[in-house]
Amino acid sequence: MPAWLPRAMVLALALYACFRLGSWAFDQLIGLLINVLIAFFLALAIEPAVSRMAARGMRRGLATFLVFLAVLIAGVGFVVLLGSMLAGQIVDMVDEFPKYLDSVISWVNKSFHTDLSRVEVQDSVLHSDWLQKYVQNSATGVLDISTTVLGGLFRLLTIFLFSFYFAADGPRLRRALCSVLPPARQAEVLRAWEIAVDKTGGYLYSRGLMALISGIAHYILLVILGVPYAPALAVWVGLVSQFIPTIGTYLAGALPMLIAFTVDPWYAVWVLGFVVVYQQFENYALQPKLTSKTVDIHPAVAFGSVIAGTALMGAVGALIAIPAVATLQAFLGAYVKRYEVTDDPRMHGRGRRRGEPVLTRLRRSWRAPEGEGGEDGQAIAGEPEGPARA
């Protein structure tokens with residue numbers, strides 16, 4: 001046996017053990033890492049507001065606390081509005097359920113010549129086996145639901161704590177990160193940090209402004225139609241349509257359509273038509289103007305990034321995919337060298353003229369400046385003259 005073979009085997013086993021240990025630790029900490037990533041993007045989003053308040057003499061900790069307090073108040077207000085709307089609607093539906101059931105039973109009796117009564121239907125439903133099994137399963141699943149709710153609250157608290165530390169100690173974090181890098185790398189890190197702050201803040205600013213415009217437009221429609229809970233529905237449409245990319249508008253419009261259907265079925269059709277028309281107006285007129293200076297990203301790239309983010313991290317990935325891709329695009333655009341595009345008809349979506357030789361098209365595209373290569377300036381640099389040129 002060679003002398004190096006035992007040491008090589010021990011080294012291979014040690015590396016394999018380290019790999020397995022690292023994989024196990026990564027699997028155990030993936031939830032924490034995702035929470036830290038969300039907190040980092042949230043800190044980048046509120047960084048401009050905190051920096052402005054700190055520039056006016058306020059301590060960064062107090063400025064961060066005030067920003068988070070405003071966000072918390074807005075979130076609680078939205079949940080309260082939506083919860084009151086849903087609770088009132090559920091109570092109305094429960095009160096009107098006997099009337100709906102009587103109308104359905106009367107239609108069935110007339111259509112199929114049956115003799116059903118509401119009391120018999122209620123007794124058969126209440127004493128059915130599937131209802132009893134459902135109640136038992138729901139009773140046993142209360143503990144699981146409570147555990148899920150507590151876990152969600154703990155995760156939300158973790159995200160807020162990390163984002164508070166990232167925003168309040170942002171300069172200290174940048175100094176600690178740059179202290180282990182050479183000066184050239186420090187400039188690149190600071191530039192990437194600045195780009196990330198600009199793109200993330202610009203994304204939230206543009207989305208918030210579009211959410212405000214969308215909420216006002218839908219509020220006016222719901223008030224005209226006389227749909228109840230118009231303010232809460234407008235806030236719902238504005239937030240969901242903007243912060244769930246691509247399909248958020250149609251998901252947000254489903255709830256107003258349902259509420260409008262309880263008032264008048266034709267009102268639901270009007271809401272659907274308005275949602276479709278407003279989506280086209282937003283995509284082709286409003287969004288390009290608002291995002292041209294904040295998050296300049298192609299719609300196809302945005303759609304693909306949302307799909308990739310959803311596949312990697314679910315709903316969280318869908319939310320942070322667009323600012324992350326916009327930051328990466330802006331950072332790469334600062335270092336990727338670009339060249340002047342040739343003046344070729346195909347660059348403008350037009351084909352070459354029929355029967356036009358390839359060399360003639362090359363001469364037109366790569367025309368030399370005047371004074372170089374002939375009196376007309378059309379000869380290509382280095383091109384032979386005379387018979388060879390012909």
Side-chain angles (χ1 to χ4, degrees), residues 1-47 64 143-197 199-200 301 304-337:
M1 180 183 297
W4 53 268
L5 185 58
R7 289 179 294 177
M9 294 176 62
V10 171
L11 180 61
L13 291 175
L15 291 176
Y16 179 73
C18 292
F19 172 75
R20 293 297 302 271
L21 181 62
S23 299
W24 172 80
F26 181 78
D27 292 337
Q28 297 297 321
L29 298 176
I30 186 64
L32 178 62
L33 295 177
I34 292 177
N35 292 339
V36 172
L37 181 62
I38 299 171
F40 179 71
F41 271 94
L42 183 59
L44 291 179
I46 66 173
E47 176 75 17
T64 307
L143 183 60
D144 296 336
I145 295 175
S146 303
T147 304
T148 303
V149 171
L150 292 177
L153 292 177
F154 179 76
R155 182 178 181 182
L156 188 62
L157 179 62
T158 303
I159 292 172
F160 271 95
L161 285 177
F162 273 109
S163 59
F164 180 85
Y165 292 141
F166 286 152
D169 295 336
R172 186 184 304 176
L173 180 61
R174 288 191 287 269
R175 287 196 300 269
L177 182 61
C178 292
S179 63
V180 297
L181 298 174
R185 298 297 181 185
Q186 292 179 14
E188 293 182 2
V189 169
L190 292 177
R191 183 172 183 175
W193 193 293
E194 183 180 3
I195 291 174
V197 170
K199 294 300 180 181
T200 306
V301 178
S305 63
V306 169
I307 294 178
T310 305
L312 292 175
M313 293 185 294
V316 175
L319 289 176
I320 67 175
I322 293 180
V325 172
T327 302
L328 180 62
Q329 176 179 321
F331 186 71
L332 293 178
Y335 294 96
V336 175
K337 186 177 180 180

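Heavy-atom basis, side chains included; hydrogens, waters and symmetry copies ignored.
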Practice item. Before giving the answer on ring pair (Phe, Tyr, Trp, His ring centres under 6.0 Å), spell out for F40 and W193 the whole-Å C-alpha distance, their side-chain angles and the decisive distance to 0.1 Å. Key: CA-CA 11 Å; F40 179 71; W193 193 293; 5.6 Å; yes

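Residues P6 and A3 approach most closely at CD-O, 3.5 Å, considering heavy atoms. In this structure, L181 and Q186 approach most closely via the heavy-atom pair O-NE2, 2.7 Å. Here the shortest heavy-atom pairing between A167 and A43 reads N-CB, 3.9 Å.
Using a 4.5 Å heavy-atom cutoff, the side chains of F166 and L173 are in contact. Residues F26 and L33 meet the side-chain proximity criterion, which asks for heavy atoms closer than 4.5 Å. When side chains are defined from C-beta on, I34 counts as touching I30, because their heavy atoms get closer than 4.5 Å. A heavy-atom distance below 4.5 Å is not found between the side chains of F162 and L37.
Between R191 and E188, no side-chain nitrogen of the basic residue sits less than 4.0 Å from a carboxylate oxygen of the acidic one, so the salt-bridge criterion is not met.
Separation of atoms CG (L32) and CZ (R155) is listed at 10.5 Å; rounding is to 0.5 Å. One finds the CD1 atom of I159 at 4.0 Å from the CD1 atom of I38 (value rounded to the nearest 0.5 Å). With values rounded to the nearest 0.5 angstrom, Y165 atom OH is found 11.5 Å from R172 atom CZ.
For the side-chain contact (heavy atoms from CB on, under 4.5 Å) test with F164, the passing option among I46, T64, L42 is T64; the others fail.
More than 12 heavy atoms of other residues, nucleotides or ligands shown are found within 6.0 angstrom of CZ on R174.
Annotation: side chain to side chain contact (heavy atoms under 4.5 Å, CB included) contacts of L156 (sequence neighbours excluded): F160.
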